[in-house]
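Here the structure is laid out as structure tokens; the discussion comes afterwards.
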Amino acid sequence: MTEFIIQEKILQTFAHHIPKHLRSHEMVVITDNTVKKLYAQQVVNSLQQTGYTPTLVTFPAGEKYKTRETKAKIESTLLKKGLGRKTCIIAVGGGVVGDLAGFVAATYMRGIPYIQVPTTLLAMIDSSVGGKTGVNTPEGKNMVGAFWNPEAVIADVNCLETLSLEHQRNGWVEGFKIFAVADCQSFHRLLEHKNFPLDLIKRAIALKQDIVSHDPDEKHIRAALNFGHTIGHALEASTKFKMLHGFAVAYGILIESHLSLQRDLISQHEFNTIVEALKSRGFQGTVLKKHDLNLVLAYAKQDKKNQSQRIHCVMLDGIGHVYSHQDKLTHAVTEQAIREAWVCVSEELGHVR
Ligand SMILES: NC(=O)c1ccc[n+]([C@@H]2O[C@H](COP(=O)([O-])OP(=O)(O)OC[C@H]3O[C@@H](n4cnc5c(N)ncnc54)[C@H](O)[C@@H]3O)[C@@H](O)[C@H]2O)c1
Ligand SMILES: [Zn+2]
């Protein structure tokens, strides 16, 4: 089981939080060149002060470096150093570092332990939970990877102070999503805060951890996490990934909430609450006017959740609850219904059906 330690100012004493069974391992800190200066050096210092001689490996920041090539370079560095099975990788950074370093850990010497030290909000509440690791290929995002759980997730929420507003908002959406599908009370509490408070970060992690532990192979309940993601992914792809994932998911949530409203699964009041919450964070439905619905639909038709060539979405049947029908959490929707939702959301007509 992964151990989660989420606290303030934990990096200075990082080494003391390493799980006991890893304390005699060689330590390799993997990070990107932005996080290196901000936080990875602190982790290295703490390890050195405790008697370790860690190896620090960095690569340039950004999604475009989450590749097999970067993975191979890191592996060569570790091999040249003669590091063997008794090595522990420490991934310090956002989701890119976590996915890449986790994938190195999954295959180096047929699998070595690793620790996630997430430094973005998205990495804290989403990507470091659930054991998905991987890299992008020219054919698509996250196409090659493995399920490989970290031994521990050690997060210092003070890292969020240096995160850009854009990445704060990006991560916020995934937290908003998990509360929308799994916890009505936390959903409403989140809306009372400007930031994402520590106790709600812990709550979001616990909820995701609970969902994935019941469905490690992603066959059933984990599908709930895909709320907003059928349309979100399609919109993201239609912008050639220029739009950040969380932003695309925010608009996806608006559309998929409207699909839930169309079926009377959620009330007008609940729909309005979701619209207002996203609007207050700057996610206005009117943004969709700048995007090509036909292109979005074309991508949505390629979504891996689809069955019998029909687009499938996760829906809510209340805030904090996903709709389940015949034991399924994804439901076929017509193109017509998506078009109706798109018009209502982008024209802000959602409030009057
Ligand atoms: N494994 C999963 O289950 C899962 C889930 C969701 C997303 N992901 C993956 O996560 C990745 C996106 O993660 P991300 O949004 O964290 O992006 P990221 O790792 O690229 O980080 C965003 C930027 O912020 C910088 N940064 C990181 N921490 C910082 C800090 N504390 N202060 C200032 N700058 C900081 C990084 O250097 C980078 O430039 C994608 O590749 C996505 O596929 C994986
Ligand atoms: Zn997502």
Check whether [X] reaches the backbone of [Y] with its side chain - one donor and one acceptor, N or O, closer than 3.5 Å.
| X | Y | value |
| --- | --- | --- |
| S260 | L265 | no |
| R203 | F179 | no |
| S46 | Q42 | no |
| T55 | V28 | no |
| Y108 | F103 | no |

For the [atom1] atom of [X] and the [atom2] atom of [Y], what is their distance to the nearest 0.5 Å?
| X | Y | atom1 | atom2 | result |
| --- | --- | --- | --- | --- |
| L56 | K36 | CG | NZ | 5.5 Å |
| I231 | L235 | CD1 | CG | 8.5 Å |
| K37 | D32 | NZ | CG | 9.0 Å |
| L100 | R68 | CG | CZ | 12.5 Å |

Report summary line: Applied to residues 289-339, the ring-ring contact (aromatic ring centres under 6.0 Å, His included) test, sequence neighbours excluded, yields Y323-H331
Is the count of non-hydrogen atoms from other residues, nucleotides or ligands lying under 6.0 Å from [X] atom [atom1] greater than 12?
| X | atom1 | answer |
| --- | --- | --- |
| H21 | NE2 | yes |
| H193 | NE2 | yes |
| E8 | CD | no |
| E151 | CD | yes |

Heavy-atom closest contact ([X] atom, [Y] atom, distance):
| X | Y | answer |
| --- | --- | --- |
| P54 | Q48 | CD-CG, 3.7 Å |
| V212 | L225 | CG1-CD1, 4.1 Å |
| I338 | L259 | N-CD2, 4.0 Å |
| V43 | V29 | CG1-CG2, 4.2 Å |

Requested in this report: Look at D199 together with R189 and state whether they make a salt bridge at an N to O cut-off of under 4.0 Å.
Outcome: yes
Query - Ion pair check, K132 and D99, cut-off under 4.0 Å - result: no
Among all residues two or more places apart in sequence or in another chain, which pass the side chain to side chain donor-acceptor pair (under 3.5 Å) test with [X]?
| X | value |
| --- | --- |
| Q326 | none |
| E161 | N158 |
| S127 | none |
| T50 | none |

Just by distance, no angles: are the side chains of [X] and [Y] close enough, under 3.5 Å, to form a donor-acceptor pair?
| X | Y | answer |
| --- | --- | --- |
| K64 | N136 | no |
| Q284 | T286 | no |
| T162 | Y39 | yes |
| H258 | Q262 | yes |
| D156 | Q7 | no |

**Report entry** Set of ring pair (Phe, Tyr, Trp, His ring centres under 6.0 Å) partners for F176, sequence neighbours left out
**Finding:** W172, F187
Report task. Please identify each residue that fulfils ring pair (Phe, Tyr, Trp, His ring centres under 6.0 Å) with F247, with sequence neighbours left out. Result -> F283
**Report entry** Side chains of I201 and L121 in contact at under 4.5 Å (non-hydrogen atoms)
**Finding:** yes
Query raised in the report: Do the side chains of L316 and I274 get nearer than 4.5 Å, heavy atoms only?
Result: yes
Side chains of residues 75-89: which donor-acceptor partners sit under 3.5 Å, not counting sequence neighbours?
unit_1, atom_1, unit_2, atom_2, d
E75, OE2, K71, NZ, 2.7
S76, OG, A72, O, 3.1
T77, OG1, K73, O, 2.9
R85, NH1, M109, O, 3.2
R85, NH2, G111, O, 3.2
K86, NZ, S24, OG, 2.9
T87, OG1, G84, O, 2.7

Query raised in the report: Would D126 and K208 count as a salt bridge (Lys or Arg N to Asp or Glu O under 4.0 Å) if you check the C-alpha gap in whole Å, the side-chain angles of each, and the deciding distance to 0.1 Å?
Result: CA-CA 7 Å; D126 194 7; K208 182 167 178 191; 2.8 Å; yes
Query - Residues clustered with F241, ILVMFWY side-chain links under 4.5 angstrom - result: none
**Report entry** ILVMFWY cluster membership beyond L165 - transitive side-chain contacts under 4.5 angstrom
**Finding:** none
Enumerate donor-acceptor pairs with a distance under 3.5 Å from any side-chain N or O in residues 9-18 to protein atoms, sequence neighbours excluded.
unit_1, atom_1, unit_2, atom_2, d
T13, OG1, I10, O, 3.3
T13, OG1, H17, NE2, 3.3

Report summary line: Residue pairs passing the side-chain hydrogen bond (donor to acceptor under 3.5 Å, both in side chains) test with at least one member in residues 242-253, sequence neighbours excluded, are E174-H245, H229-H245, E236-H245
